[in-house]
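Read the structure below first, then the notes.
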Amino acid sequence: MLKKRIIPCLDIKDGNTVKGINFEDLKNAGDPVELAKKYESEGADELVFLDVTATIENRKTFVELVRKISRELSIPFTVGGGIASVEDVRKLLEAGADKISINSSAVKDPKLIAELANEFGSQCVVVAIDTKKVKQTDLVHIKGGREVTELTTIEWAKRAEALGAGEILLTSMDGDGTKNGFDLQITKQVSEQLTIPVIASGGAGTADDFVKVFNETKATGALAASIFHFNEIGIQDLKKQLKTQKIEIR
């Protein structure tokens with residue numbers, strides 16, 4: 001039984017941490033290096049850094065910012081945004097990332113997943129899936145959520161695992177930033193059909209949302225941003241509440 005992980009996420013645009021709702025209306029949420037330090041000291045289990053406009057602007061993730069953040073961390077650090085090659089990944093790992101997250105580039109060229117897994121090991125490769133309901137079907141979206149594909153979320157998650165992904169970061173675009181709770185339905189479906197870890201993302205608003213996602217799905221991690229950035233819930237307080245619910249956490 002894998003212990004559950006609490007994972008803050010830094011969405012980065014132009015070097016600043018930002019947060020929006022349903023991937024829109026991004027607002028500044030603070031300095032990423034300072035936030036990384038804060039989460040390290042508060043007991044976060046991992047940290048995710050996503051350069052949310054790297055793919056749209058065809059710009060590589062800020063390697064220097066990754067380096068600065070990694071210097072502050074001893075916990076696992078995942079970096080995503082605009083990653084499209086073995087060389088991109090090598091630069092980020094050299095800058096201090098432990099894992100990388102790919103999304104649009106994996107959908108466009110699925111063999112990239114296998115290439116990265118062969119080069120760096122599956123444990124390094126996180127496939128991020130941005131999912132949104134379209135006419136009652138959960139479909140994969142790319143380019144920061146701006147473009148819908150014909151891939152169903154379940155089938156793409158299974159294929160990513162088969163190609164060598166070590167983990168899935170599953171973000172509900174419908175839930176993103178709403179604080180209405182994780183999308184338990186799609187998280188349950190994906191986490192039950194895969195053998196690799198699944199991180200639930202999108203919609204966290206209260207400690208109870210974390211309790212539900214861990215009790216009602218097989219997700220092994222839960223990711224959140226704004227509730228941590230704006231001090232609506234502290235990581236230590238959240239972990240205490242999870243322990244009272246007999247949820248095994250790191």
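Since we're looking at a predicted model, the values are computed, not measured. FYI, side chains are in, hydrogens and waters are out, and symmetry mates aren't considered; it's all heavy atoms of this structure.
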Which atom of Leu47 lies closest to which atom of Ile75, heavy atoms considered: N-CD1, 4.1 Å
Sub-4.5 Å side-chain heavy-atom contact between Thr206 and Ile233: no
Any residue meeting side chain to side chain donor-acceptor pair (under 3.5 Å) with Arg90, in chain and number order, not counting sequence neighbours: Glu87, Glu119
Donor-acceptor contact below 3.5 Å, side chain Asn118 vs main chain Glu115: no
Ile100 reachable from Phe120 in the ILVMFWY side-chain graph, under 4.5 Å edges: yes
Note: Lys133-Asp138 ion pair, threshold 4.0 Å (strictly below): yes
Side chain to side chain, Lys132 and Ser172, heavy atoms closer than 4.5 Å: no
Intermediate values then yes/no, side chain to side chain contact (heavy atoms under 4.5 Å, CB included), Lys218 and Lys188: CA-CA 6 Å; Lys218 291 191 174 174; Lys188 183 174 165 61; over 6 Å; no
Least distance between heavy atoms, Asp174 atom then Thr178 atom: O-CG2, 3.5 Å
Cluster check Val148, Val107: I/L/V/M/F/W/Y, side chain < 4.5 angstrom: no
Side chain to side chain contact (heavy atoms under 4.5 Å, CB included) between Ile142 and Asp130, intermediate numbers included: CA-CA 7 Å; Ile142 58 172; Asp130 293 334; over 6 Å; no
Test item: side-chain donor near acceptor, Glu40 and Ser74, under 3.5 Å: yes
Polar side-chain atom of Thr171 near backbone of Met173 as donor-acceptor pair, under 3.5 Å: no
Separation of Glu34 CD from Ile69 CD1 (nearest 0.5 Å): 10.5 Å
Side-chain donor or acceptor of Ser70 paired with backbone N/O of Ala95 under 3.5 Å: yes
Note, Thr149 side chain near His141 side chain (heavy atom, < 4.5 Å): no
Polar contact flag, side-chain donor to acceptor under 3.5 angstrom, Thr195-Glu161: yes
Inter-residue atom distance Asp51.CG - Leu65.CG, 0.5 Å rounding: 8.5 Å
Distance (rounded to the nearest 0.5 Å) between Thr131 OG1 and Ile129 CD1: 8.0 Å
Geometric class of the Phe49/Phe77 ring pair [parallel <30°, tilted 30-60°, perpendicular >60°]: perpendicular
Heavy-atom pair of closest approach, residues Val125 and Ala117: CG2-N, 3.8 Å
Ser104 side chain vs Lys143 backbone, donor-acceptor pair below 3.5 Å: yes
Closest approach of Leu112 to Ala106 (non-hydrogen atoms, all atoms of both residues): CD2-N, 4.5 Å
Presence of salt bridge, Glu94 and Arg67, under 4.0 angstrom: no
Residue list, side chain to side chain donor-acceptor pair (under 3.5 Å) with Lys239, at least two apart or on another chain: Asp45
Step-by-step salt bridge (charged side-chain N to carboxylate O under 4.0 Å, His left out) determination, Lys38 to Glu42: CA-CA 6 Å; Lys38 169 175 126 93; Glu42 286 183 357; 3.4 Å; yes
Side-chain heavy atoms of Cys124 within contact of Leu93, under 4.5 Å: yes
NZ/NE/NH1/NH2 to OD/OE distance under 4.0 Å, Lys4 and Glu248: no
Polar side-chain atom of Thr137 near backbone of Leu139 as donor-acceptor pair, under 3.5 Å: no
Trace of the side chain to side chain contact (heavy atoms under 4.5 Å, CB included) decision for Leu238 with Phe228: CA-CA 10 Å; Leu238 174 57; Phe228 296 141; 3.9 Å; yes
Lys/Arg N to Asp/Glu carboxylate O, Glu216 vs Lys212, below 4.0 Å: no
Expected output: side-chain Asp209 to main-chain Gly205 donor-acceptor under 3.5 Å: yes
Shortest non-hydrogen contact between Gly221 and Phe214, atoms and distance: C-CE2, 3.8 Å
Leu50 side chain near Ser101 side chain, heavy-atom distance below 4.5 Å: yes
From OG1 (Thr217) to CZ (Phe182), nearest 0.5 Å: 9.0 Å
Non-hydrogen atoms of Ala36 and Leu10 that approach each other most closely: CB-CD1, 4.4 Å
Flag, side chain of Ser105 to backbone of Ile102, donor-acceptor distance under 3.5 Å: no
Transitive ILVMFWY side-chain link Val86 to Ile113, under 4.5 Å: yes
Spacing of CG belonging to Leu170 relative to OG1 belonging to Thr153, to within rounding of 0.5 Å: 7.0 Å
Qualifying residue, where the test is side-chain contact (heavy atoms from CB on, under 4.5 Å) with Leu242 and the options are Asn215, Asp237, Ile249: Ile249
Glu46 with Arg5: basic N within carboxylate O range, under 4.0 Å: yes
Note, Val140 side chain near Thr152 side chain (heavy atom, < 4.5 Å): no
Set of salt bridge (charged side-chain N to carboxylate O under 4.0 Å, His left out) partners for Lys243, sequence neighbours left out: none
Test log, rule side chain to side chain contact (heavy atoms under 4.5 Å, CB included), inputs Thr78 and Asp98: CA-CA 6 Å; Thr78 300; Asp98 298 294; over 6 Å; no
Any side-chain donor near an acceptor of the partner, Lys99 and Gln123, under 3.5 Å: no
Whether Asp88 side chain and Ala84 backbone form a donor-acceptor pair below 3.5 Å: yes
Donor-acceptor contact below 3.5 Å, side chain His229 vs main chain Cys9: yes
Polar side-chain atom of Ser122 near backbone of Gly166 as donor-acceptor pair, under 3.5 Å: no
Pairwise distance OG1(Thr187) to CD(Glu192) - rounded to 0.5 angstrom: 10.5 Å
